[in-house]
Structures are given as C-alpha cells and as structure tokens.
Trainee: 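Have a look at this one before I ask anything.
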Amino acid sequence: MKKQIRVIFQDIKKEISVELDDSHSPKTVQKIIENLPIEVSIHRWGDELYTEKTKIEEETENAKIKVNLFDVAYWPEGKALCLFLGPTPISKAGEILTYSPVNVVGKIIADNNEKKDILIKIKDGDRVVFK
C-alpha cells in the first residue's frame, strides 16, 4: 500500500510530499497513518531532518543503518520521523548512514532545488506538520 502525505514546514512556509510505502515496514507505516496529523518540532543532523519524540511507538522492523537519498524513516530509539536529504555527520563517501537503525517508511517526492531551499532555511526547533 502506498499513501501520499504532506509535510508542512510552518516556520518557512514550505511544503513537500512524501509517499509512504508499507513494503519495508508495514506496522510502522500503519502507526504513522493512525497518528496523522503529527505536529512536532524538527531538528537537523547534517542533511538529515528528524523530529522530536512523536506518539508513535514501534519496534525495529526490517531496520537499516544505510539509507538512500530522500528516504523517510521512523527512528525507534528516538520515536522520531527522519527525512534524509543528504549525508549525516557519520556518512561515508557515497553512503548516507543513520545514528542507529531506522525503519524505512517511504520517500520524499522532491527535486534537488526543493531540497536546497528547505535545508538552507530549516532551523533547530522549527515546527513541522505531517498530514
């Protein structure tokens, strides 16, 4: 099952689309859908954006440490949603590495210009709504 949702960065008045896909982490995707809308603060770690703790509680499910550009994931350790717009501080050349295992739940539908527009403007603690 695939479902498109919106991610609205309230402080910078920007929005992106995300396609949730339950083929990797079906239980996690279901929990995300059940908890929409999710309104939280967002933080940066390199070119990863991650939310503060959400109400979603799910264990690791086919979890990975190496993800792809524009992946969206749930981080069980932090109970957070993560958007991978590029390398993290621990990434190696050509790889995007996460702090600890994440459940991949979908993809950002964006081009590189949108990525740069959003990344440049996001500040720690900005508000975001997933709906």
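When reading the values below, keep in mind they use all heavy atoms of this one structure, side chains included, and skip hydrogens, waters and symmetry mates. Index from 1, following the sequence.
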Trainee: Apply the test side chain to side chain contact (heavy atoms under 4.5 Å, CB included) to residues F9 and D126: give CA-CA distance (whole Å), side-chain angles for both, the deciding distance (0.1 Å), then the verdict.
Mentor: CA-CA 7 Å; F9 299 94; D126 279 359; over 6 Å; no
Trainee: Does this structure show an ion pair linking E19 with K107, if we count only N-O contacts that are shorter than 4.0 Å?
Mentor: no
Trainee: Are Y99 and L49 connected into the same hydrophobic cluster when the rule is that any two of I, L, V, M, F, W, Y join if their side-chain heavy atoms are below 4.5 Å apart?
Mentor: yes
Trainee: Of the non-hydrogen atoms in E58 and T28, which two are nearest, and what is the gap between them?
Mentor: CG-OG1, 3.3 Å
Trainee: Please answer: with hydrophobic residues joined when any side-chain heavy atoms are less than 4.5 Å apart, are V18 and V129 in the same cluster?
Mentor: no
Trainee: Taking the side chain as every heavy atom from C-beta outward, state whether E39 and Q10 have any atom pair closer than 4.5 Å.
Mentor: yes
Trainee: Going from CH2 on W45 to OG on S91, what distance comes out if it is rounded to the nearest 0.5 angstrom?
Mentor: 7.0 Å
Trainee: Check whether any side-chain heavy atom of P37 sits under 4.5 Å from a side-chain heavy atom of F130, and report yes or no.
Mentor: no
Trainee: Taking atom types as modelled, is there a side-chain donor on E77 or S100 under 3.5 Å from an acceptor on the other?
Mentor: yes
Trainee: Could you grab the distance from atom CD1 of I108 to atom CD1 of I16, nearest 0.5 Å is fine?
Mentor: 4.5 Å
Trainee: On a heavy-atom basis, which atom in P101 and which in A63 lie closest, and how many Å separate them?
Mentor: CB-CB, 3.5 Å
Trainee: Does K31 offer a backbone N or O that forms a donor-acceptor pair with the side chain of N35 under 3.5 Å?
Mentor: yes
Trainee: Do E61 and P26 have side chains that get closer than 4.5 Å, going by heavy atoms?
Mentor: yes
Trainee: For Y74 and P76, work out which heavy atoms get closest and say how close.
Mentor: O-CD, 3.2 Å
Trainee: Return the minimal non-hydrogen interatomic distance between G125 and S41, and the atom names on each side.
Mentor: O-OG, 3.7 Å
Trainee: I'd like to know whether CD of E59 has more than 12 heavy-atom contacts from other residues, nucleotides or ligands below 6.0 angstrom.
Mentor: no
Trainee: For the residue pair K66 and V102, establish whether any side-chain heavy-atom pair is separated by less than 4.5 Å.
Mentor: no
Trainee: Would you indicate whether the side-chain heavy atoms of I96 and N68 approach each other to under 4.5 Å?
Mentor: no
Trainee: D21 side chain to G106 main-chain N or O, any donor-acceptor pair under 3.5 Å?
Mentor: no
Trainee: Indicate yes or no for a side-chain donor-acceptor contact from E15 to the backbone of V7 under 3.5 Å, with no hydrogens or angles considered.
Mentor: no
Trainee: With a 4.5 Å heavy-atom cut-off, do I38 and L36 have their side chains touching?
Mentor: yes
Trainee: Same cluster for I8 and I109 if Ile/Leu/Val/Met/Phe/Trp/Tyr side chains link at under 4.5 Å?
Mentor: no
Trainee: In plain terms, say whether R44 and D124 are close enough for a salt bridge, that is, a side-chain N and a carboxylate O under 4.0 Å apart.
Mentor: no
Trainee: Under a 4.5 Å side-chain heavy-atom rule over Ile, Leu, Val, Met, Phe, Trp and Tyr, are L20 and I56 clustered together?
Mentor: yes
Trainee: Between S17 and R6, is there a donor-acceptor pair closer than 3.5 Å when you use the side chain of the first and the backbone of the second?
Mentor: no
Trainee: Kindly indicate, with the supporting measurements, whether the criterion side chain to side chain contact (heavy atoms under 4.5 Å, CB included) is fulfilled by M1 and V29.
Mentor: CA-CA 9 Å; M1 184 252 332; V29 169; 4.1 Å; yes
Trainee: Heavy atoms only: give me the nearest L97-I90 pair and the separation to one decimal.
Mentor: CD1-O, 3.5 Å
Trainee: Hey, what's the ring geometry for W75 with Y50, parallel, tilted or perpendicular (30° and 60° as the breaks)?
Mentor: perpendicular
Trainee: Drop me the distance from I42's CD1 to K123's NZ, to the nearest 0.5 angstrom.
Mentor: 14.0 Å
Trainee: Roughly how far, to the nearest 0.5 Å, is the OG1 atom of T54 from the NZ atom of K79?
Mentor: 8.5 Å
Trainee: After noting the C-alpha distance and the side-chain angles of I12 and I122, does the key distance pass the side chain to side chain contact (heavy atoms under 4.5 Å, CB included) rule?
Mentor: CA-CA 7 Å; I12 64 168; I122 293 289; 3.9 Å; yes
Trainee: Please determine whether side chain to side chain contact (heavy atoms under 4.5 Å, CB included) holds for the pair I33 and K3, giving the CA-CA distance in whole Å, both sets of side-chain angles, and the decisive distance to 0.1 Å.
Mentor: CA-CA 9 Å; I33 291 169; K3 177 180 176 67; 3.8 Å; yes
Trainee: Quick one: pull up OG1 in T98 and CD1 in I65 and give me the separation to the nearest 0.5 Å.
Mentor: 5.0 Å
Trainee: Between the side chains of E48 and T88, is a donor N or O closer than 3.5 angstrom to an acceptor N or O?
Mentor: no
Trainee: Under a 3.5 Å threshold, yes or no: a donor from one side chain and an acceptor from the other, between S25 and N103?
Mentor: no
Trainee: Does any part of the side chain of F70, heavy atoms only, come nearer than 4.5 Å to the side chain of L83, both counted from C-beta?
Mentor: no
Trainee: Counting C-beta onward and ignoring hydrogens, is there a side-chain heavy-atom pair between I32 and E34 closer than 4.5 Å?
Mentor: no
